[in-house]
Amino acid sequence: MNNTTPTPEKKDFIREIVAEDNRTGRYGGRVVTRFPPEPNGFLHIGHAKSISLNFGVAEENGGVCHLRFDDTNPETEDMSYVESIQRDIRWLGFDWGEHLYFASDYFEQFYAFAVRLIEAGRAYVDSLSEEEIRVYRGTVTEPGRNSPYRERSVEENLELFRRMRAGEFPDGAHVLRAKIDMASPNMKMRDPLLYRIRHASHYRRGDEWCIYPMYDFAHPLEDAIENVTHSLCTLEFENNRAVYDWLLDSLFDEPRPHQYEFARLALDYTVMSKRKLLQLVNEGYVSGWDDPRMFTISGLRRRGVTPEAIRTFVERVGVAKVNSRVETVLLEHTIRDDLNYRARRVMAVLDPLKVVISNYPAGAEEWLDADYWPRDIPREGTRKVPFGRTIYIEREDFAEEPPRGFKRLSPGQEVRLRHSYVIKCEEVIRDELGRVLELRCTYDPTTLGARPRGRKVKGAIHWVSAEHALPAEVRLYDRLFARANPDDTSEGKTFKDYLNPNSLITLDRAFVEPSIAADPTDTRYQFERQGYFIQDAVDSRPEALVFNRIIGLRDTWTKRAEPAPQAGASRPVDPAGMVVEGTRSEARDRARAENPPLQAAYERYRTEFGLEEQDADLLSGDLTTAAFFDAALAAHNNPKSLANWINNVLQGEIKDATIASLPFGGAEFGKLVALVDAKTISHNQGKQVLAEMLANGGDPETIVAAKGMKQISDADALAPIIDQIMADNAGKVSAYRNGKIGLLGFFMGQVMRQTGGKANPQLVKTLLEEKLSA
RNA sequence: UGGGGGAUCGUAUAAUUGGCAGUACGGGUGACUCUGGAUCACUUAGUCGGGGUUCGAAUCCCUGUCCCCCAGCCA
């Protein structure tokens, strides 16, 4: 393990794009991102993902990330949200420096851009009613219709727009719209609204404006004004990108900002939409935005989760384009992992059971040394813990009839009191109902800091001194919802129907060891064997302590005692497939039906050349492809081989381009395939030549000659190369011989790489198999 | 139904861009233990289905299926 190869950092697709832009110098090495919240709600853990991405990408590339409040809707926004959002981002540990911006500061610029658009004939004032606009927009399957106001003159539009700003019209009388395409299959492109009239006070601009820009107009401009390079947003804005590009291409030159979309974070057993969170708050299902059961940043903070844990979590989730729901256990794991190293251990009894140590002198007490940290945590520190004749232990740490494997206290049995003595249960005292009231135990004075002689004590339990312990209220939190996806309302219910009635359990007779009185009130603890706790920042007072459980410890004991149902869900079963006409194959069928020569070509390919149905279909779908194929055939009379190369290799290489736009013709292509078929060059080399032809055109034979390409089909030439590779990878050779035959691909790859793809693969394979099994 | 996205162990996410399907969480088993925590070891389990190209396919081609988004004067 001497070599610490700097493993190339694994990048998500966004970071890949940024790295590529840096490589090509698209923005001259600049990287500017932005986090653009609307100040109309509190930040939640989903935002933390976006914040971490935006600030992270900027920082990793020596760039900056702007905090920009996207405050273009006066009706829902508020200064208190601006403050809470800034507080939350800072708390998470991110810094926007001087780059704090407000969309509402750009209103004058937005107006000027709108005027420019009107002057360019790319925007118009529409005077249709809200309802009419909806009708004119059409549906996803029917195109929209142009508004009768669409062709107003530039002068009229300018005048109307000026008067809109001047406040001459009531709400809804007019809107400004982009003039794009009412028939666009992308609904967002059907003349999106740019401005609406709203006589409302804005929390920052007051009554200065009565027209407000819409998202599709404001957002790209904000990005452009701030010289943002990479505008990262969530998947639901994919369709809006067309408007984004249209607008910026109308108004700016490259390099201008570009938008990329990633999947928002969804977490099991909770909801993430601001609207639903607000509903929970307003309707009293939770105590507020900062209720510790909420996955808002403020809720998590009050709960006691650290910013580091949240950041680790969102980093572990990753960034991709798949809609996904992350399991809560991942979050819980990162929280525990974080707290394990930072939370000092103390003892608290949540559900007390009185224990009297009958052989311990009445009135006596000892202050025992107890480490704050277990041996595996490299931190120092101890405190004194009082011990006396009467203590409390956890009720569930005693069992009159212990189940198999029980390692705690039961009648006649011994248990270790953590940091203290070994005690033995001698007697159980009950009330008249038979409920266990208290235990009488004896202690072994020789067991303080020492193992008992001649016997083994299996378990250790926590406890507190009855005389010294501090009473406390303890709040146990559980998932807010009883269902993994509360948003799934397929059963005709609402998300509120899935609230978990036991999401908060309050224990008001708990006891905590006295040492905590000396600690700062925001100290995070592990109550040994229970979980991680912190004083509630809102409700806890020195004389009336209140603790929040941040997260419980992993518990492999109760899990074993009552095995939970397997978490895995069964995979969805595909219903019997319905026959739907595939659009592309349908287009080819139609082309042949309308075009007799194509149909004839198809027949010829099938009967004369004996091509498979699929190959013939693909080649006779349009005239250019058929002509290309025929031209290739003239140069190389091997229909099957040509069909393979056109349909599989060529189509894969040209991506979005078409055969018509190729810098070479069918004849050249035919010659290329001929070279491969003649085994002059290998299949791989053939693809290399094709790439060259695609890039610069040219004749395959010339390229092959110029590059000195020739397939190596000589075993004597290949053997030393193979031997060398096997010598260099002795470990893999033995792994192969031990049955890991998948490594053959690895060796093939090495040989092909070494030979620049020249080696005859069939031959290499034979040779390799021979040598490897030798 | 039009358009835009997407599909890899139970979950999330990788795969040198055609060459060893890896990592983490979860689950299981065991070791250790004055926390039934932590740690360690082992283990479990996957390329949406069907065809094709290739020596070799998660990756390329064809085809089918399923999921998400879009018809706010919200963002």
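Atoms considered below: every heavy atom in the structure, side chains included; atoms not considered: hydrogens, waters and symmetry mates.
Spacing between atom CZ of A/Phe237 and atom P of B/C68 amounts to 19 Å, rounded to whole angstrom units. For the pair A/Arg325 CZ and B/G26 P, the interatomic distance rounds to 19 Å; values are reported in whole Å. At whole-Å resolution of the value, CH2 in A/Trp645 and C1' in B/U54 are 10 Å apart. Atom P of nucleotide B/A38 and atom CD of A/Gln526 are separated by 9 Å, given to the nearest angstrom. Computed from coordinates, the A/Glu327 CD to B/A24 P distance equals 16 Å when rounded to whole Å. The CG-C1' distance, from A/Asn648 to B/C61, rounds to 4 Å in whole Å.
By the ring-ring contact (aromatic ring centres under 6.0 Å, His included) test, A/Tyr215 is found to be paired with A/His219, A/Phe237, residues two or more places apart in sequence or in another chain being considered.
Side-chain polar atoms of A/Thr382 and A/Asp369 form no donor-acceptor pair below 3.5 angstrom. Neither side chain, A/Asn684 nor A/Ser682, offers a donor N or O lying under 3.5 Å from an acceptor on the other. Between the side chains of A/Tyr532 and A/Gln526, at least one donor N or O lies within less than 3.5 Å of an accepting N or O.
B/G72 has its base syn relative to the sugar, with a glycosidic angle deviating from 0 by at most 90°.
Put simply, the side chain of A/Ile180 reaches to within 4.5 Å of the side chain of A/Trp246, judged on heavy atoms. Side-chain contact check for A/Gln685 versus A/Lys758: some heavy-atom pair is nearer than 4.5 Å.
If you check B/A12, B/U54, B/U35 against the side chain of A/His683, the one that comes closest is B/U54. Listed nucleotides: B/G5, B/U54, B/C20. Nearest to the side chain of A/Glu238: B/G5.
Residue A/Arg408 has no polar side-chain atom (N or O) positioned under 4.0 Å from OP1 or OP2 of B/G36. Contact between the side-chain N/O atoms of A/Ser324 and the OP1/OP2 oxygens of B/U11 is not found at any separation under 4.0 Å. Taking side-chain N and O atoms only, A/Arg416 has no distance below 4.0 Å to OP1 or OP2 of B/U35. The shortest distance between the side-chain N/O atoms of A/Gln614 and the OP1/OP2 oxygens of B/C62 is not below 4.0 Å. For the OP1/OP2 pair of B/C73 and a distance below 4.0 Å, the side-chain nitrogens and oxygens of A/Arg137 include at least one atom meeting the criterion. Contact between the side-chain N/O atoms of A/Arg264 and the OP1/OP2 oxygens of B/C69 is not found at any separation under 4.0 Å.
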- [ ] Represent RNA chain B in dot-bracket notation, 5' to 3'. Only Watson-Crick or G-U wobble pairs with both distances under 3.5 Å count; pseudoknot-style crossings use [ ] and interstrand partners use |.
- [x] .((((((..((((.....[..))))((((((.......))))))...(((((..]....))))))))))).....
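Taking the P atoms as reference points, B/G5 lies 25 Å from B/A58, given to the whole Å. With both ends at atom C1', the span from B/G3 to B/U44 equals 43 Å, rounded to whole Å. For B/A21 and B/U16, the P atoms lie 13 Å apart once the distance is rounded to whole Å. With both ends at atom P, the span from B/C60 to B/G19 equals 11 Å, rounded to whole Å.
Annotation for A/Asp70 and A/Pro36: closest pair CB-O, 3.7 Å, computed over non-hydrogen atoms.
Taking the ring axis of A/Tyr372 as reference, the NZ or CZ atom of A/Arg345 does not stay both within 45° of it and closer than 6.0 Å to the ring centre.
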